[in-house]
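Working notes, beginning with the structure itself.
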Amino acid sequence: METTFTWEIKVKNCPLLIKKCSHCDSDRFYCSDKFRMNAQKKNIDVWLIYRCVKCDNTCNLTLVSRSKPDLIDKSLFHSFSVNDKEAAWQYAFSAELERKNNMKLDYGSVEYEVISSISPEDIQNLSDEVISIRIKCDFDFNLKLSSLVRRCLSLSANQVKRLFEQNAISTSASQPLQKQKVRNGDVILIDREQFTKSFKEIAR
């Protein structure tokens, strides 16, 4: 028998943009959640506006360049027009936009919280042989799976490593634990019996 729980990751901010400011000594810009649109003849350009964390100097990242307005999805065009925050965040976390603008994002600046209803004690007290934990995360920000497990189960890095080595915790990924990044829909499997045994050993 298997029981499924959810770890829902809620980000609190967008990653900062790593860029040298031309007006001060700062090298970080934050997403303003606003778009800039400029129409020239029959073409339109759209940018996502960033601002320096120290002096508020602006930096624009290209989203749409010399496009016909009717080629842009109507709902997306509306989002640009009203400075829709959700749309801005989708772009601010976009690896494609990062590559397109030849920029680098500071994913370490992203703060987040995890909504979880299960603790290490709960796992040990369940009767199921396998506990399945599905990860819900709307944005990718290079969060290590090991860091998430550490945070949610209140463990050290070495303790998490041992639990994986002893197959108390596993995933379907073929990569080593230290290289696994969190993705929406990922599933973590916990062998309750082995977890309970290993957890008691490492807790000594």
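Only this structure's heavy atoms are used, side chains among them; waters, hydrogens and symmetry mates stay out.
The SG atom of Cys21 sits 13.0 Å away from the CZ atom of Arg28 when rounded to the nearest 0.5 Å. Distance CD/Glu165 to NZ/Lys161: 5.5 Å, rounded to 0.5 Å. Atoms CG and CZ, on Asp70 and Phe77 in that order, are 10.0 Å from each other to the nearest 0.5 Å. Going from atom NZ of Lys144 over to atom NZ of Lys179 covers 11.0 Å, rounded to the nearest 0.5 Å. Atom CZ of Arg150 sits about 9.0 Å away from atom CG of Asn158, to the nearest 0.5 Å. Taken to the nearest 0.5 Å, the SG atom of Cys137 stands 7.0 Å off from the CG atom of Leu143.
Inter-residue side-chain proximity for Ile44 and Asn38 is flagged as unmet; no heavy-atom pair is nearer than 4.5 Å. The closest side-chain heavy-atom distance from Ser116 to Phe5 is not below 4.5 Å. Residues Arg192 and Glu129 have side chains not in contact (no heavy-atom distance under 4.5 Å, counting atoms from C-beta outward). Using a 4.5 Å heavy-atom threshold, the side chains of Trp47 and Phe35 count as separate. Cys52 is not listed as a side-chain neighbour of Cys59, based on a closest heavy-atom distance of 4.5 Å or more. The side-chain heavy atoms of Phe139 and Asn184, taken from C-beta on, include no pair separated by under 4.5 Å. Looking only at side-chain heavy atoms (C-beta outward), Thr171 and Leu189 stay at 4.5 Å or farther from each other. Between Leu145 and Ile135, the closest side-chain pair of non-hydrogen atoms falls below 4.5 Å.
Put simply, the side chain of Glu98 never gets that close to the backbone of Ser94: no donor and acceptor are under 3.5 Å apart. Side-chain atoms of Asp106 come within 3.5 Å of backbone atoms of Gly108 as a donor-acceptor pair (strictly under, hydrogens ignored). Using modelled atom types, no side-chain atom of Arg51 and backbone atom of Cys31 make a donor-acceptor pair closer than 3.5 Å. For the pair Asp27 (side chain) and Lys20 (backbone), a donor-acceptor distance under 3.5 Å is absent. Side-chain atoms of Asp33 do not come within 3.5 Å of backbone N or O of Ala88 as any donor-acceptor pair. At distances below 3.5 Å, at least one donor-acceptor pair connects side-chain atoms of Arg134 with backbone N or O atoms of Gly185. Under a 3.5 Å cut-off, the side chain of Asp191 and the backbone N or O of Val130 do not form any donor-acceptor pair. Although no hydrogens or angles enter the test, the distance criterion places no donor-acceptor pair under 3.5 Å between the side chain of Gln90 and the main chain of Ala87. Side chain of Ser32 to main chain of Ile49: a donor-acceptor pair is present (N/O by atom type, distance under 3.5 Å, no hydrogens or angles). Judged by distance alone, with hydrogens and angles left aside, the side-chain atoms of Ser109 form a donor-acceptor pair with the main-chain N or O of Leu16 at under 3.5 Å.
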Going through the checks in order, is the side chain to side chain contact (heavy atoms under 4.5 Å, CB included) test met by Phe80 and Leu63?
CA-CA 10 Å; Phe80 292 152; Leu63 303 184; 3.9 Å; yes
Working note: Asn60 + Leu48, criterion side chain to side chain contact (heavy atoms under 4.5 Å, CB included); need CA distance, chi angles, decisive distance, verdict.
CA-CA 6 Å; Asn60 299 327; Leu48 179 60; over 6 Å; no
Pair Tyr112-Lys12, side chain to side chain contact (heavy atoms under 4.5 Å, CB included): steps then yes or no
CA-CA 5 Å; Tyr112 67 96; Lys12 297 181 179 181; 5.6 Å; no
Please assess Ile133 against Thr6 for the test side chain to side chain contact (heavy atoms under 4.5 Å, CB included), listing each intermediate value before the final yes or no.
CA-CA 5 Å; Ile133 301 177; Thr6 301; over 6 Å; no
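For Phe93 and Tyr107, the distance between ring centers is not under 6.0 angstrom. Tyr50 has its ring centre no less than 6.0 Å from the ring centre of Phe29.
Both Leu61 and Val110 belong to a common hydrophobic cluster when Ile, Leu, Val, Met, Phe, Trp and Tyr are linked at side-chain heavy-atom distances under 4.5 angstrom. Tracing side-chain contacts under 4.5 Å through hydrophobic residues (I, L, V, M, F, W, Y), one reaches Trp7 starting from Leu126; they form part of the same cluster. Hydrophobic clustering (ILVMFWY, side-chain heavy atoms < 4.5 Å, transitive): Leu105 and Phe141 are in one cluster. Criterion: ILVMFWY side-chain heavy atoms under 4.5 Å apart, direct or through other members. Under it, Val64 and Met103 are part of a common hydrophobic cluster. By the rule that hydrophobic residues join a cluster once side-chain heavy atoms approach within less than 4.5 Å of another member, Leu97 and Ile18 end up as members of separate clusters.
Checked against salt bridge (Lys or Arg N to Asp or Glu O under 4.0 Å), Lys54 has the following partners two or more places apart in sequence or in another chain: Asp25. Contacts of Glu8 classified as salt bridge (Lys or Arg N to Asp or Glu O under 4.0 Å), with partners at least two apart in sequence or in another chain: Lys10, Lys136.
Side chains of Asp73 and Ser75: a donor on one and an acceptor on the other come within 3.5 Å. Checking Ser146 against Gln180 by side-chain atom types alone, no donor-acceptor pair falls below 3.5 Å. Looking only at atom types and distance, the side chain of Asp122 has a donor-acceptor partner in the side chain of Ser119 under 3.5 Å away. There is a side-chain donor-acceptor pair under 3.5 Å between Tyr30 and Asp56.
Other residues, nucleotides and ligands place more than 12 heavy atoms under 6.0 Å from the CD atom of Glu121.
The existence of a salt bridge linking Lys181 and Asp140 is excluded, since no basic side-chain nitrogen approaches an acidic carboxylate oxygen closer than 4.0 Å. Salt bridge present: Arg66 and Asp45 bring a charged side-chain N and a carboxylate O closer than 4.0 Å.
The side-chain contact (heavy atoms from CB on, under 4.5 Å) test with Ile169 singles out one residue from Leu153, Ile131, Val160, and that residue is Leu153.
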